[in-house]
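In what follows, a structure is listed as structure tokens, so that the remarks can point back to it.
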Amino acid sequence: MMFSDYQFKHYNYRLILYVLALNGLGVLVIGSATQDTAQVSKQIMGIGIGLIIAVALSLLDYHRITSMAVLVYLGCVAGLLAVLFFGENVNNATRWLKLPGIGQVQPSEFVKIGLIVFFSWFFSKNQEKVNYITTLLLASALLLVVFGLIYEEPDLSTGLVIIFVFTCMLFAAGLSYRWILSGLAVLVPGGTLFIYLLLQDKVPFLKGYQARRILAFIDREKYAEANLQQDNSIMAIGSGMLHGKGLNYTANSVKNGNFLSEEQTDFIFAVIGEELGFIGCTAVIILIAIVVYECLIMAGRAKDMAGRLICVGMAALLAFQSFSNIAVATGVFPNTGLPLPFISYGVSSLMSMYIGIGLTLNVGLQRKNSNY
């Protein structure tokens with residue numbers, strides 16, 4: 001029977017509640033940031049549909065999904081190719097498809113989850129050969145195809161996210177420390193060389209605005225104008241102090257006068273800091289940390305490698321993307337365009353995250369026998 005291996009007493013209702021708490025905070029802050037009931041309504045509708053999808057997927061055996069991993073990968077590639085040929089250009093970036101009856105969709109958000117599914121299958125299938133150079137080269141080549149298509153949009157930040165998630169999944173699959181140390185031996189001097197070439201304006205694969213954002217992070221005084229958004233964000237967070245100025249605060253707010261761009265997406269943490277203060281910021285960080293922790297706990301209890309890697313992939317995605325968004329808002333990272341999971345406005349991001357949560361919940365239903 002379909003549910004014969006499920007242990008419903010272990011259904012992780014807590015994970016759903018944590019995610020809904022983040023969604024609730026997100027809706028309140030999006031409403032304050034935009035003052036647009038249409039966007040708030042769209043986000044609430046996305047939460048409702050996403051929750052239904054997550055519950056449905058939580059009851060569908062994840063092995064059925066991973067058995068179609070090759071088709072999932074081909075779908076990711078096809079979606080990214082469609083963006084390059086038929087996508088809509090917004091602010092000098094082509095990242096969206098306009099679908100009849102659905103509206104604007106960002107395929108790269110769904111690709112993040114698609115790659116988690118694909119590489120959970122790939123590394124599980126090649127579990128005994130994960131340290132073979134042929135396996136590593138093939139996996140890297142498959143990743144680079146997708147990375148190259150995302151880079152062409154251009155969307156370097158999302159490309160870096162999928163590389164980070166891939167690396168975490170590879171480590172969880174049993175990558176030898178010999179490979180890890182070898183990689184560090186290349187990355188450390190390579191990173192130093194990259195910075196040197198960047199300062200000499202000799203990095204051909206970076207777009208002009210991408211190079212300026214990194215340079216502004218390295219030398220804040222010389223490129224002060226490029227740091228304007230982040231400086232305003234830091235001031236907004238600091239101005240909220242302990243309790244914040246309150247939701248829908250408008251007087252002397254960064255939401256007014258174009259002090260921030262995309263405050264409902266990329267810089268939503270600045271609005272949280274200004275209006276909900278240190279307490280609100282801490283609550284968001286704790287909730288995200290708990291969601292990541294729950295994913296890792298389910299990874300440890302998964303009954304096979306594919307399930308473990310799905311949970312590890314989701315934990316890595318949520319942790320890195322959340323950290324990146326908050327790090328940009330607080331000036332720790334160069335400026336990127338990553339949304340804060342479950343909080344930032346954007347139905348594509350919301351749906352993709354709920355798909356990942358649904359798959360993770362199903363892994364938790366089929367945990368290995370243990371004394372937990």
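Positions are given from 1, in the same order as the sequence printed here.
Here the shortest heavy-atom pairing between Cys281 and Ile272 reads N-CG2, 4.0 Å. The heavy-atom pair separating Ser239 from Glu274 by the smallest distance is OG-CG, 3.9 Å. The two residues Leu296 and Ala315 have their closest heavy-atom pair at CD2-CB, 3.6 Å. The minimum heavy-atom distance between Met298 and Val363, with the atom names listed, is O-CG1, 4.4 Å. When every heavy atom of Leu350 is checked against every heavy atom of Gly46, the shortest pair comes out as CD2-C, 3.6 Å. Among all heavy-atom pairs drawn from Leu309 and Ala172, the shortest one is CD2-CB, 3.7 Å.
The shortest distance between side-chain heavy atoms of Phe269 and Val328 does not fall below 4.5 Å. Residues Leu28 and Leu276 have side chains not in contact (no heavy-atom distance under 4.5 Å, counting atoms from C-beta outward). Within the 4.5 Å cutoff, no side-chain heavy atoms of Val161 are placed close to those of Ser324. At a threshold of 4.5 Å between non-hydrogen side-chain atoms, the residues Phe342 and Ile288 do not count as touching. Considering only heavy atoms from C-beta on, Asp266 stays 4.5 Å or farther from Leu340 through its side chain. A heavy-atom distance below 4.5 Å is found between the side chains of Ile116 and Leu317. Contact of the Leu136 side chain with the Leu170 side chain is registered, since non-hydrogen atoms from C-beta on lie closer than 4.5 Å. Residues Leu97 and Gln104 form no side-chain contact, since every pair of their non-hydrogen atoms from C-beta on lies 4.5 Å or further apart.
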**Request:** Decide side chain to side chain contact (heavy atoms under 4.5 Å, CB included) for Ile113 and Met314; before the verdict, give the C-alpha distance in whole Å, the side-chain angles of both, and the deciding distance to 0.1 Å.
**Result:** CA-CA 8 Å; Ile113 308 300; Met314 272 306 295; 3.7 Å; yes

**Asked** What's the verdict on side chain to side chain contact (heavy atoms under 4.5 Å, CB included) for Gln229 and Phe267, showing C-alpha distance, side-chain angles and the deciding distance?
**Response** CA-CA 9 Å; Gln229 295 287 323; Phe267 282 98; 3.9 Å; yes

**Message:** Using the rule given for side chain to side chain contact (heavy atoms under 4.5 Å, CB included), can you reason through Leu287 versus Leu25, listing the C-alpha separation, both sets of side-chain angles and the distance that settles it, and then say yes or no?
**Reply:** CA-CA 11 Å; Leu287 281 170; Leu25 276 169; 4.1 Å; yes

**Stepwise side chain to side chain contact (heavy atoms under 4.5 Å, CB included) check, Val111 with Leu115** = CA-CA 6 Å; Val111 167; Leu115 289 183; 4.0 Å; yes

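The main-chain N or O of Gln321 is never found under 3.5 Å from a side-chain atom of Asn325 such that the two would form a donor-acceptor pair. Judged by distance alone, the side chain of Asn131 and the main-chain N or O of Gly174 form a donor-acceptor pair under 3.5 Å. Without hydrogens or angle criteria, Ser233 side chain to Ala270 main chain gives no donor-acceptor distance under 3.5 Å. Side chain of Ser352 to backbone of Ser349: a donor-acceptor contact under 3.5 angstrom is found. Although no hydrogens or angles enter the test, the distance criterion places a donor-acceptor pair under 3.5 Å between the side chain of Gln43 and the main chain of Gly346. The backbone N or O of Lys129 lies less than 3.5 Å from no partner atom in the side chain of Asn126, so there is not a single donor-acceptor pair. At least one donor-acceptor pair under 3.5 Å links the side chain of Arg95 to the backbone N or O of Pro154. Asn12 places no side-chain N or O within donor-acceptor distance of the main-chain N or O of Leu361, the cut-off being under 3.5 Å. Side chain of Ser140 to backbone of Leu137: no donor-acceptor contact under 3.5 angstrom is found. When atom types are taken as modelled, the side chain of Ser67 and the backbone of Arg64 share a donor-acceptor pair closer than 3.5 angstrom.
Note on ring orientation: taking the six-membered ring where Trp is involved, the planes of Phe118 and Trp121 are tilted (angle from 30° to 60°). Between Phe119 and Phe166, the two ring planes are perpendicular [angle over 60°; tilted spans 30° to 60°].
With hydrogens and angles left out, the side-chain atoms of Tyr11 and Ser58 include a donor and acceptor closer than 3.5 Å. With no hydrogens or angles considered, a side-chain donor-acceptor pair links Gln366 and Asp61 at under 3.5 Å.
In this structure, the separation between OH on Tyr18 and CD1 on Ile290 is 5.0 Å, given to the nearest 0.5 Å. Of the inter-residue distances, the one linking Ile279 atom CD1 with Leu242 atom CG reads 4.0 Å to the nearest 0.5 angstrom. Residue Ser120 holds its OG atom at 13.0 Å from NZ of Lys125, rounded to the nearest 0.5 Å. Separation of atoms OG1 (Thr167) and CZ (Phe320) is listed at 9.5 Å; rounding is to 0.5 Å. Note: Thr360 OG1 to Ile297 CD1 = 13.5 Å, rounded to the nearest 0.5 Å. For the atom pair Ser348 OG and Met353 CE, the distance stands at 11.5 Å (nearest 0.5 Å).
Using a cut-off of 4.0 Å between Lys/Arg side-chain N and Asp/Glu carboxylate O, Lys245 and Glu275 are scored as not salt-bridged.
Listed by chain and number, the residues in a salt bridge (Lys or Arg N to Asp or Glu O under 4.0 Å) with Glu153 amount to none (sequence neighbours excluded). Take Val77 and apply the side chain to side chain contact (heavy atoms under 4.5 Å, CB included) test, not counting sequence neighbours, and it matches Tyr73, Leu81, Val145, Val146, Leu149. Scanning for side chain to side chain donor-acceptor pair (under 3.5 Å) contacts around Thr330 gives an empty result, with sequence neighbours left out. Tyr345 is linked by a ring pair (Phe, Tyr, Trp, His ring centres under 6.0 Å) to nothing, counting only residues two or more places apart in sequence or in another chain. Legend: residues meeting ring pair (Phe, Tyr, Trp, His ring centres under 6.0 Å) with Phe110, ordered by chain and number and at least two apart, are absent.
Leu22 and Ile52 are assigned to two separate hydrophobic clusters, defined by single-linkage of ILVMFWY side chains at heavy-atom distances under 4.5 Å. Note: the hydrophobic cluster containing Ile285 does not contain Phe278 (ILVMFWY, side chain heavy atoms under 4.5 Å, direct or indirect links). A continuous path of hydrophobic side-chain contacts links Val105 to Phe86 [ILVMFWY only; heavy atoms under 4.5 Å]. Two different hydrophobic clusters hold Leu17 and Leu57 under the rule that ILVMFWY side chains link at heavy-atom gaps under 4.5 Å. Under a hydrophobic clustering in which Ile, Leu, Val, Met, Phe, Trp and Tyr are joined whenever their side-chain heavy atoms come within less than 4.5 Å, directly or via other members, Ile163 and Val186 fall into different clusters.
Here salt bridge (Lys or Arg N to Asp or Glu O under 4.0 Å) pairs that include residues 98-110, with residues two or more places apart or in two chains, are Glu109-Lys112.
At most 12 non-hydrogen atoms from other residues, nucleotides or ligands lie less than 6.0 angstrom from CZ of Phe171. The number of heavy-atom neighbours closer than 6.0 Å to CD1 of Ile133, taken from other residues, nucleotides and ligands shown, is 12 or below.
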